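Residue numbers run from 1 in the order of the sequence given. Predicted, not measured: the structure shown is a model, and the values here were computed from it. Values reported hereafter were calculated over all heavy atoms of this structure, with side chains retained and with hydrogens, waters and symmetry mates removed.
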Amino acid sequence: MKHPVKVFKFGGASLRDADSVKNVASILQGYKSDRLLIVVSAMGKTTDALEKVVAAHAGKTGEAYELLEGVKKAHYGICDQLFDKNDEVYAAVNDTFVEIEWILEEEPHDNYDYMYDQIVSVGELVSSKIVQAFLNKMNLPTQWLDARDVILTDDIFREGWVQWPETEARCEKVVLPMIEKGGFILTQGFIGSTQENFTTTLGREGSDYTAAIFSYLLDADSMTIWKDVPGVLTADPRLFDNVTKLDRLSYKEAIEMTYYGAKVIHPKTIKPLQNKSIPLYVKSFKDPDAEGTFISGEVEDHYPPMIAVEQNQALLQISTRDFSFVAEHHISYLFNFIAEMRIQVNMMQNTAISFVMCVNDIDDKVERFIEKIDDKFKVILDRGLELVTVRHYRDDLIESLHEGKIVMLEERLGNTVSMVMKKVPMMKRKI
Ligand code: ASP
Ligand code: MG
């Protein structure tokens with residue numbers, strides 16, 4: 001069912017301190033007469049900080065409380081600048097942080113990923129409480145929605161997959177009455193819940209995806225991601241010169257770019273939007289009136305070269321212990337584990353006796369995978385690599401990207417070149 005709702009997403013960078021929260025409120029003043037569903041991430045680098053709390057608790061380093069104290073202090077510091085001393089928001093924030101303290105009082109849970117989700121999700125919960133309270137204070141009536149009451153996932157923690165039919169039904173039940181009430185609705189990105197009501201997360205940077213899920217469920221008029229960059233750029237300006245903003249982009253191009261690691265939008269974001277032809281705007285919260293990038297189904301067949309760089313890549317060269325060919329049944333054996341462990345494979349190739357793949361090297365997933373296949377396969381592992389993908393490439397550009405790098409694996413498909421690369425180690429020089 002179509003609803004006259006716009007979905008906005010504000011990420012951590014747009015909520016990193018009191019001034020940025022005020023800036024978000026002032027942007028929203030301009031949309032007072034719109035029906036908005038607003039998705040917020042954790043403030044600033046809170047997710048990274050909470051990840052450290054989880055690691056400290058799991059590793060029993062004795063630092064978990066102190067690390068949590070740091071996170072709390074940062075949030076109370078922001079509240080102090082936005083609210084009066086006796087504002088109700090303090091109790092709300094406190095009650096949310098207490099959830100972590102309860103976990104820290106217990107022995108670390110055996111399931112790291114489960115514990116991770118219970119702790120890290122608090123970043124989004126607290127952020128949403130603070131922003132909602134501030135919007136109300138600024139005369140922008142805003143209802144708080146617990147995203148976990150809507151987004152149902154499977155129980156793979158840290159990488160929850162949305163269970164669409166149930167999520168759709170819950171949305172009808174929970175969100176529609178809120179829309180009818182009027183005003184803004186504000187909810188958390190990144191989090192969901194299992195059938196048993198345990199909190200899950202959707203994968204790092206998953207708030208964009210949450211906004212797309214809600215856009216899809218409500219068949220929203222449009223979705224807007226507010227970023228600290230002017231829109232979708234042809235490459236990361238921290239890594240490349242001469243970067244330009246793209247004014248328009250097709251869904252297909254956006255999916256391809258984000259799949260290969262363009263960090264501007266979470267890769268899962270586009271599909272739900274494309275399914276219902278919902279346009280996506282990427283705009284700057286620093287310059288809200290500027291045009292940004294408009295992403296839609298319209299086909300544009302002419303793009304400049306665009307570069308995406310994905311760090312933390314591992315290359316696995318897998319061969320059978322008995323030197324037999326790597327045949328289909330081996331590959332299917334390997335992929336069973338890959339699917340089960342939700343390892344993201346970015347590139348693969350097979351030769352007579354080996355199967356090579358480049359994957360995202362997250363935590364100890366690669367080690368665990370190698371352990372699982374160890375009885376049948378030998379693995380040569382290379383880590384710390386980067387995957388550089390160029391769409392609409394020019395040969396001279398590829399040439400220049402090779403400088404100072406060793407190309408371990410390269411693939412050319414149509415207008416796309418992907419390269420797994422390693423920095424050339426510094427040679428010993430004579431003095
Ligand atoms: N706060 C989460 C993260 O930093 C989700 C997000 O920001 O999209 O990964
Ligand atoms: Mg973010």
Side-chain angles (χ1 to χ4, degrees), residues 232-246 248-271 274 293 295 299-319 325-328 330-332 334-335 338 343-361 366 379-425:
V232 178
L233 306 174
T234 50
D236 184 339
R238 287 167 300 185
L239 303 176
F240 297 95
D241 289 330
N242 305 332
V243 167
T244 55
K245 177 182 76 82
L246 298 152
R248 302 172 80 81
L249 212 56
S250 66
Y251 291 128
K252 179 175 178 291
E253 194 60 39
I255 287 183
E256 295 278 359
M257 277 183 75
T258 54
Y259 172 79
Y260 289 115
K263 289 284 176 287
V264 64
I265 315 166
H266 188 281
K268 282 183 171 174
T269 309
I270 305 294
K271 184 179 171 284
Q274 181 182 29
T293 299
I295 302 168
V299 186
E300 308 247 337
D301 51 10
H302 220 79
Y303 293 104
M306 300 183 215
I307 308 174
V309 179
E310 183 108 77
Q311 307 286 353
N312 296 329
Q313 299 296 298
L315 195 70
L316 285 78
Q317 214 170 307
I318 305 169
S319 47
F325 287 144
V326 175
E328 287 72 15
H330 290 131
I331 296 179
S332 101
L334 295 170
F335 266 86
I338 289 168
I343 292 177
Q344 193 186 320
V345 179
N346 295 320
M347 209 196 289
M348 50 196 163
Q349 230 166 61
N350 60 336
T351 69
I353 54 158
S354 76
F355 178 70
V356 185
M357 61 180 196
C358 168
V359 306
N360 285 358
D361 196 357
V366 168
V379 180
I380 301 173
L381 173 65
D382 243 301
R383 304 178 103 156
L385 308 175
E386 59 182 20
L387 173 68
V388 178
T389 301
V390 188
R391 306 235 334 127
H392 315 286
Y393 67 91
R394 287 189 327 255
D395 289 328
D396 61 317
L397 179 59
I398 303 297
E399 203 67 17
S400 76
L401 288 169
H402 284 171
E403 260 165 50
K405 304 277 171 71
I406 300 167
V407 180
M408 320 265 303
L409 195 63
E410 180 170 318
E411 182 183 84
R412 292 189 186 223
L413 257 182
N415 54 16
T416 306
V417 178
S418 290
M419 301 169 285
V420 181
M421 306 212 280
K422 187 182 198 160
K423 272 209 183 87
V424 178

Strictly distance-based, threshold 3.5 Å: is any side-chain N or O of Ser418 a donor or acceptor partner for the main-chain N or O of Glu411? no

Could you tell me the separation between the CE atom of Met306 and the CG atom of Asn415, rounded to the nearest 0.5 Å? 9.0 Å

Phe335 atom CZ: more than 12 heavy-atom contacts under 6.0 Å: yes

Output the distance between atom OH (Tyr259) and atom CD1 (Ile270), rounded to the nearest 0.5 Å. 15.5 Å

Could you measure the distance from the CG atom of Leu316 to the CZ atom of Arg383? Nearest 0.5 Å is fine. 8.5 Å

Run the numbers on Gln274 and Ile255 for side chain to side chain contact (heavy atoms under 4.5 Å, CB included), then give the verdict. CA-CA 10 Å; Gln274 181 182 29; Ile255 287 183; 3.7 Å; yes

Could you tell me whether the side chains of Gln313 and Asp361 share a donor-acceptor contact shorter than 3.5 Å? no

Show your working on side chain to side chain contact (heavy atoms under 4.5 Å, CB included) between Asp382 and Val420 and close with a plain yes or no. CA-CA 11 Å; Asp382 243 301; Val420 181; over 6 Å; no

Roughly how far apart are Glu253 CD and Ile295 CD1, rounded to 0.5 Å? 10.5 Å

Residue pair Asn242 / Thr234: nearest heavy atoms and the distance that separates them: O-OG1, 4.5 Å

For Lys422, I'd like to know if atom NZ has over 12 heavy atoms of other residues, nucleotides or ligands within 6.0 Å. no

Any heavy-atom pair between the side chains of Val366 and Leu381 that's under 4.5 Å? yes

Applied to residues 304-317, the salt bridge (charged side-chain N to carboxylate O under 4.0 Å, His left out) test, sequence neighbours excluded, yields Lys263-Glu310

Nearest atoms (heavy-atom pairs only) where Leu401 meets Phe240: CD2-CE2, 3.6 Å

Can you give me the closest heavy-atom contact between Leu246 and Thr293, atom names plus distance? O-OG1, 2.6 Å

Tell me whether Thr269 contacts the main-chain N or O of His266 through its side chain, where contact means a donor paired with an acceptor under 3.5 Å. yes

Looking at Met257 and Leu233, what are the two nearest heavy atoms and their distance? CE-O, 3.9 Å

Output the distance between atom CD (Gln317) and atom CG (Asn350), rounded to the nearest 0.5 Å. 12.0 Å

Can you label the angle between the His392 ring and the Tyr303 ring as parallel, tilted or perpendicular, going by 30° and 60°? tilted

Sorted by chain and number, sequence neighbours left out, side chain to side chain contact (heavy atoms under 4.5 Å, CB included) with Thr258 holds for Ile265, Pro267

First locate atom OG1 of Thr389, then atom CE of Met419, and finally report the distance between them rounded to the nearest 0.5 Å. 7.5 Å

Tell me the closest heavy-atom pair linking Ser354 and Ser319, and the distance in Å. CB-CB, 4.1 Å

What are the two closest non-hydrogen atoms of Val243 and Pro237, and how far apart are they? CG2-CA, 4.0 Å

Would you call Ile338 and Met357 a side-chain contact if the rule is heavy atoms closer than 4.5 Å? yes

From the list Ile406, Leu409, Val407, side-chain contact (heavy atoms from CB on, under 4.5 Å) with Met421 holds only for Val407

